[in-house]
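Report on the structure given below.
Because the structure is a prediction, the values reported are computed rather than measured. Letters A, B, ... mirror the listed sequences (proteins, then strands); counts begin at 1.
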Amino acid sequence: MAESLLTVFLKALLLAVALLGAFAYMTLIERRMLGRMQHRIGPNRTGPFGLLQPIADALKSIFKQDIMPSRADKFVFVLAPAISITFALAAFGAIPGGPAGSLFGFDPWVVDLDIGLLYVLAATSMGVYGIFLGGWAANSKYALLGSLRSAAQIISYELGLGLSVLTIVMIAGTLNLREIVELGVWSVSPWLWPGLLVAFATFWISGVAEVNRTPFDLPEAEQEIVAGYLTEYSSIKWALYQMAEYVNMFTAAAFISTLFLGGYKGPAFMNAIIPGSADWPIVWLVAKMAIFMFIFIWLRATLPRLRYDQLMRFGWLYLFEVALGATLLTGAVIAFVL
Amino acid sequence: MATFVVLAAVMVVGALGVVLLRQPIHAALSLVGTLLALAVTYVTLEAHFLAAIQVIVYAGAIMVLFLFVLMLLNVQDAGPRRSLPGLRWAAYAAAVVTATAIALVAFWDGRPAPDPAVVSLHLQGGSAGGIADALFGELLLAFHLVGVLLLTGVVGAVALVQRRAASAHGAPKGFGLPAGRDLPGSGDAAAGKARALGPGGQR
């Protein structure tokens, strides 16, 4: 099933464009939904339903003055947003969008790696450098505090994330995301359901923390440290960070759908309604991602931000232990029951 | 081969940057670049699992901790420091001799390179299975011994910190405590209060 380099390149380009387009409209959807949840209207003036708002925002970002703090480390200051967006886009590449050859004869993924799961974890863990270096290079105390917070947070919650993923890996016996989807982790045995449920919960919580969203958006807690690592950024560099944040949200949503909710596979009863529709590429993955994206926004409108010490204590004293317990439980079930 | 030459060049430049750059953060970043280039080299050798682990563990965790400490302490360039006379030239000479020795061993090694077919058979597609078989089968004892070695390092670090913490506890009583609260056994509360103010309290 080896595809030519040109096909892979074109698919990667298409994916990047799709993700960035989705980012633009995700900002609009988020603002409209937040407006709804807070009894406001939200942006509705630019075009019908405010549909041209993202374009206006993009133009504004591009034409704004690009301010470089005079005492900043200029090279790192420019490098950091580029790191952020590069690894955010790269991480999505290994996530499969459908069965092999289902996308007009092409495979609906960019790369099919035997270690796809580790690849996604590796790419997302590199993304922390963008936040981290951006805050440092700005040479401002608020930015530095923001990046120190984010580094501590991301390292702490990566443990919970990794342990939750371990449950899936033990059940599936593979690191290939496509094979995990094809196997269907819930169908292996009902004995595994308790462990899987707990791992699902811990994975989701860690995922929210990894993408720095409310209630874990400490790195940019505006009441305490202005905008954290973003404080000194303006114009297109600021927009790049926003893109990276949203693309990371997409990746987290797609990753959790792929691992725990059958990824690109549609529900089986859909085959009874429209034959073959459960095997449509992309559609089901996007539908599942949409659910998680909605929950991201919902959380933001609902939950207050954690205090920093609460965040660390929760990560190390509760989440980590619970995820470890789920892993041990699953391991015990596999060893002694199955 | 061309890929390897490019990657090797990136790694050598990165490694030089680690040593030569003045700003500690830049040096650490240079090390990250070197590690990433090494990961890509693993990919070209079909060792995908190793490459991913290299990125996750070294670039994603250890280097982040390095940078974290550097930023937390806000380490700046300390400037040229006095050292033993001739140390610099001795270091240059040692580097040249070591590099020559490694090059000699690498290029004059008489053994034939292993057959790529055999290597890829052992790697099993570069996935986790092959490494697990080696680590938890043939090399189990060595694997456990490395664990003990790491534990030794952790215990050593704790011991180093603990001694300082213990001596801080045993130091003149009351230091660092809130004013007015003294350690038991000290009758002179006023003196304790004066000491509790810290170095300036003696005035």
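Counting only distance, with no hydrogens or angles, the side chain of Y119(A) and the backbone of H48(B) share no donor-acceptor pair below 3.5 Å.
Y42(B) pairs by the ring-ring contact (aromatic ring centres under 6.0 Å, His included) definition with nothing, not counting sequence neighbours. Taking the ring-ring contact (aromatic ring centres under 6.0 Å, His included) definition, one finds that F107(B) meets it with nothing, sequence neighbours left out.
Heavy-atom distances place the side chain of Y129(A), and not its backbone, under 4.5 Å from chain B. If you measure heavy-atom distances from A137(A) to chain B, you find no contacts under 4.5 Å at all. Residue V32(B) touches chain A through its side chain alone, counting heavy-atom pairs closer than 4.5 Å.
Taking all atoms of both residues into account, the shortest heavy-atom contact from L118(A) to I56(B) is O-CD1, 3.6 Å. Taking each heavy atom of A122(A) and A52(B) in turn, the nearest pair found is CB-O, 4.2 Å. Minimum heavy-atom separation, M126(A) to A59(B): SD-CB, 3.6 Å.
Heavy atoms of other residues, nucleotides or ligands lying less than 6.0 angstrom from NZ of K74(A) number more than 12. Residue F66(B) places its CZ atom among 12 or fewer non-hydrogen atoms of other residues, nucleotides or ligands, all under 6.0 Å distant.
Within the 4.5 Å cutoff, no side-chain heavy atoms of W136(A) are placed close to those of L70(B). Residues V64(B) and V128(A) form a side-chain contact, since some pair of their non-hydrogen atoms from C-beta on lies under 4.5 Å apart.
For the set V57(B), L29(B), L65(B), the count of heavy-atom pairs under 4.5 angstrom toward chain A peaks at L29(B).
Note that the CD1 atom of I25(B) and the CG atom of L133(A) stand 7.5 Å from one another [nearest 0.5 Å].
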